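As the structure is a prediction and not an experimental result, all values here were calculated from the model. Quick note on labels: first sequence line is chain A, next is B, and so on, each numbered from 1.
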Amino acid sequence: MVGNGEVIAIDYSSPNIAKPFSIGHLRSTIIGHAIGNCLEKCGYKVIRINHLGDFGTQFGKIIYSYLHFGNKEAVKANPIPELVKLYVEFHERAKDQPGMEEEARKIFKELEQGNKEYHDLWSWFREVSLEDYLKVYQLLRVSFDSYDGEAFYNDKMQPVIDELQEKGLLIEDEGAMIVPLEEGTPPALIQKTDGSTLYITRDLAAFFYRKRVYQANKVLYVVGNEQKLHFQQLAQVIEKMGYPYAKDIIHVNFGLVLQDGKKMSTRKGKIVRLEDVLREAIRLSREYIEEKNPDLAEKELIAEKVGVSAIIFNDLKNYRGNDFEFNLEDSVNFFGQTGPYLQYTSVRIKSIFAEDTFVFDGKIDLNWFGSDDVFDMVKTISFYPGIIQRCVQEYAPSILAKYLLTLATQFNSFYGKEKILVSDRIERHTKLHLCRMIEFVIDDGMRLLGMQIIEKM
RNA sequence: GACUCGGUAGCUCAGCUGGAUAGAGCAACGGCCUUCUAAGCCGUCGGUCAGGCGUUCGAAUCGCCUCCGAGUCGCCA
């Protein structure tokens with residue numbers, strides 16, 4: 001095992017409380033989850049951290065808005081949409097009432113200092129939002145070891161600031177406290193003019209916490225491309241503090257999900273909700289089942305597994321660092337290079353074993369493996385461990401995704417040409433042995449990607 | 001303006017530590033189900049690898065320049 005028990009903390013998913021779970025967070029979630037699975041397979045100990053965006057001035061705004069025009073029942077019934085509504089309402093009204101912004105900042109400051117009323121509200125908003133996210137995580141079959149978000153580090157930043165001060169790294173500039181960095185890198189802003197902290201301050205505290213408490217050898221951040229500079233700064237500040245950790249901070253960056261070449265997200269009035277996308281995928285796979293296999297047992301459950309896995313695979317087959325085009329009609333299409341294609345391949349193999357409960361007894365014809373296409377398949381199978389290692393080295397699940405497509409294609413081609421369950425016992429067992437190996441690799445690979453394995457479809 | 005990342009078939013993407021005729025899926029067209037699931041298989045069509053210059057025996061891949069797109073560049077995260 002390459003991992004040798006080394007501890008790797010992965011910071012991924014990390015949705016912003018009181019905001020809808022976006023398609024961008026989906027990318028972080030499934031990329032982080034898949035990388036975590038691959039690392040575990042390689043013998044690493046993985047700590048999965050959902051670094052919730054549960055802090056910041058927006059809470060001042062939401063609390064203000066809730067106290068003035070909010071409604072408890074409405075939030076209870078429909079947490080996230082209602083909280084979003086309050087946030088939007090705040091901004092609409094604040095346009096004409098300049099005092100509101102100031103008021104919201106004040107509320108946030110008091111929240112930070114422990115105001116009971118505000119804290120209770122914040123805690124409630126956090127809880128109901130998290131409940132909503134858990135529904136998505138349940139669909140995706142994703143879970144975390146920790147949900148400590150930004151707020152968790154609220155009381156852990158001062159020691160870091162003190163340390164920066166002691167080491168003489170912190171200087172005042174235009175009223176703010178900054179750490180100057182290497183030539184070409186803008187300085188890191190540690191404290192605002194008003195003394196409040198910033199994103200990087202929290203991330204510094206979080207990094208040291210993860211080093212200390214989790215004994216993490218590396219910390220992976222599955223965060224979008226747009227934060228590249230942030231992580232460069234984070235690594236540089238830590239290096240300037242004298243720690244040899246810069247190389248342990250790994251920004252597993254990813255690109256945007258586009259629609260017609262434009263960013264697919266909360267554009268004017270049109271919020272692309274992840275749950276809607278998943279529901280749509282499930283609905284379409286249900287339609288397929290009705291068309292292709294109407295007598296299938298547990299249709300609803302299969303539809304869910306196929307639909308959700310289709311969305312996951314559609315994302316993971318693309319190299320994470322690049323933007324990719326999300327086309328609902330193409331994910332509607334369950335042909336070709338898709339999750340359902342892999343699941344279908346697995347199901348086909350399983351249906352063979354439904355006819356013959358094969359047990360490997362060593363009596364196979366090894367010469368048969370020498371023939372052209374079979375040899376290619378055996379070669380592909382033998383690449384599997386190396387593929388996983390590359391996945392882990394490059395933090396790129398797409399390598400595994402593409403590989404599985406290759407193997408599945410080879411199998412389907414073979415399956416179309418050759419009958420497996422022939423009467424000759426040696427030949428049959430030789431073929432079944434090959435099928436077993438392929439089934440194992442495809443199922444294991446799908447599992448690592450976070451997809452569902454099904455028996456029938 | 002500076003820096004970063006992209007530009008490969010009509011569309012979506014691989015390939016990029018240099019190596020032989022640049023691959024796959026979708027779309028289009030044509031075949032294959034009395035036999036293990038046709039969500040499959042087989043075939044046809046489709047590319048001056050954005051453009052130029054350079055390095056090299058050899059460049060989609062490395063370097064430089066230009067064009068186009070995206071992102072980032074002190075008090076958001």
Side-chain angles (χ1 to χ4, degrees), chain A residues 14 16 19 51 53-58 149-150 173-181 184-203 223-230 232-233 253-256 258 260-263 284-285 287-289 291-293 295-296 306 310 314 317-319 321-327 329-356 398-399 401-403 405-406 408-422 428 431-432 435 455-457:
Chain A
S14 314
N16 295 321
K19 287 193 185 156
H51 190 76
D54 57 3
F55 218 57
T57 40
Q58 75 266 25
E150 291 167 13
D173 191 90
E174 294 174 34
M177 299 307 281
I178 66 166
V179 174
L181 299 171
T185 310
L189 258 175
I190 303 294
Q191 256 180 331
K192 297 195 235 178
T193 313
D194 67 1
S196 58
T197 56
L198 284 133
Y199 184 39
I200 197 163
T201 324
R202 270 185 288 283
D203 254 0
V223 180
N225 286 334
E226 66 278 8
Q227 291 188 30
K228 221 163 194 172
L229 177 61
H230 167 73
Q232 279 169 12
Q233 292 177 320
N253 60 307
F254 60 85
L256 298 172
L258 305 176
D260 302 321
K262 277 178 268 173
K263 184 176 176 177
L284 289 159
S285 54
E287 272 178 17
Y288 263 96
I289 293 168
E291 186 192 326
K292 303 286 183 184
N293 199 354
D295 300 328
L296 185 68
V306 171
N314 183 248
K317 74 177 177 187
N318 297 294
Y319 176 69
N322 298 335
D323 295 349
F324 82 93
E325 183 72 24
F326 181 87
N327 184 325
E329 279 164 29
D330 277 353
S331 29
V332 166
N333 245 348
F334 291 149
F335 315 116
Q337 304 172 325
T338 64
Y341 178 76
L342 292 181
Q343 287 171 318
Y344 181 71
T345 307
S346 164
V347 163
R348 277 181 132 185
I349 299 174
K350 286 174 173 54
S351 76
I352 298 167
F353 290 115
E355 302 296 318
D356 185 328
S398 60
I399 294 168
K402 298 280 186 190
Y403 163 83
L405 285 174
T406 303
T409 302
Q410 284 179 336
F411 172 78
N412 280 317
S413 171
F414 168 75
Y415 182 91
K417 279 184 274 199
E418 292 259 5
K419 182 152 173 67
I420 312 290
L421 298 170
V422 293
R428 189 170 76 234
K431 287 174 169 171
L432 285 169
C435 288
E455 298 295 317
K456 288 191 167 129
M457 68 188 281

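- On the C1' atoms, C76(B) is 14 Å away from U72(B), given to the nearest whole Å.
- Taking the C1' atoms as reference points, C16(B) lies 12 Å from A22(B), given to the whole Å.
- Between chain A and RNA chain B, the heavy-atom contact criterion of under 4.0 Å yields a 5' to 3' nucleotide range of U4(B) to A77(B).
- Not counting sequence neighbours, the partners of Lys350(A) by the salt bridge (Lys or Arg N to Asp or Glu O under 4.0 Å) test are Glu439(A), Asp443(A).
- Mapped onto RNA chain B by nearest heavy atom, Thr193(A) and Asn225(A) fall at different nucleotides, with Asn225(A) at the one closer to the 5' end.
- Among the atoms of the strands shown, base atoms are found under 4.0 Å from some heavy atom of Ile178(A).
- The aromatic rings of Tyr415(A) and Phe411(A) are tilted relative to each other, their planes meeting at an angle between 30° and 60°.
- Here the separation of C67(B) from A77(B), taken at their C1' atoms, is 34 Å to the nearest Å.
- Across all strands shown, Tyr341(A) has heavy atoms under 4.0 Å from sugar-phosphate atoms exclusively, and none from any base.
- Base contact: Lys456(A) has a heavy atom under 4.0 Å from a base atom.
- Comparing the C1' positions of U61(B) and U56(B) gives a spacing of 13 Å, expressed to the nearest Å.
- Among the protein residues, Ile289(A) comes within range of the nucleic acid bases, having at least one heavy atom under 4.0 Å from a base atom.
- Between C42(B) and G25(B), the two P atoms lie 8 Å apart (nearest whole Å).
- Between Pro187(A) and Glu226(A), the residue anchored closer to the 5' end of RNA chain B is Glu226(A), taking for each the nucleotide with the nearest heavy atom.
- Within 4.0 Å (heavy atoms only), Glu418(A) reaches at least one base atom of the nucleic acid.
- Between C49(B) and A60(B), the two P atoms lie 7 Å apart (nearest whole Å).
- Note on Phe55(A): nothing from the nucleic acid sits closer than 4.0 angstrom, heavy atoms only.
- In this structure, Glu150(A) reaches the sugar-phosphate backbone alone: every heavy-atom distance under 4.0 Å involves primed, P, OP1 or OP2 atoms, never a base.
- Nucleic acid contact class of Ile352(A) (heavy atoms, under 4.0 Å, all strands): sugar-phosphate only.
- Counting only Watson-Crick or G-U wobble pairs whose defining distances are both under 3.5 Å, the stems of 3 or more consecutive pairs in RNA chain B are B:1-7 with B:67-73, B:10-13 with B:23-26, B:28-32 with B:40-44, B:50-54 with B:62-66.
- If you take atom C1' in U55(B) and the same atom in G71(B), they sit 31 Å apart, rounded to whole Å.
- Between A9(B) and A28(B), the distance separating the two C1' atoms is 13 Å to the nearest Å.
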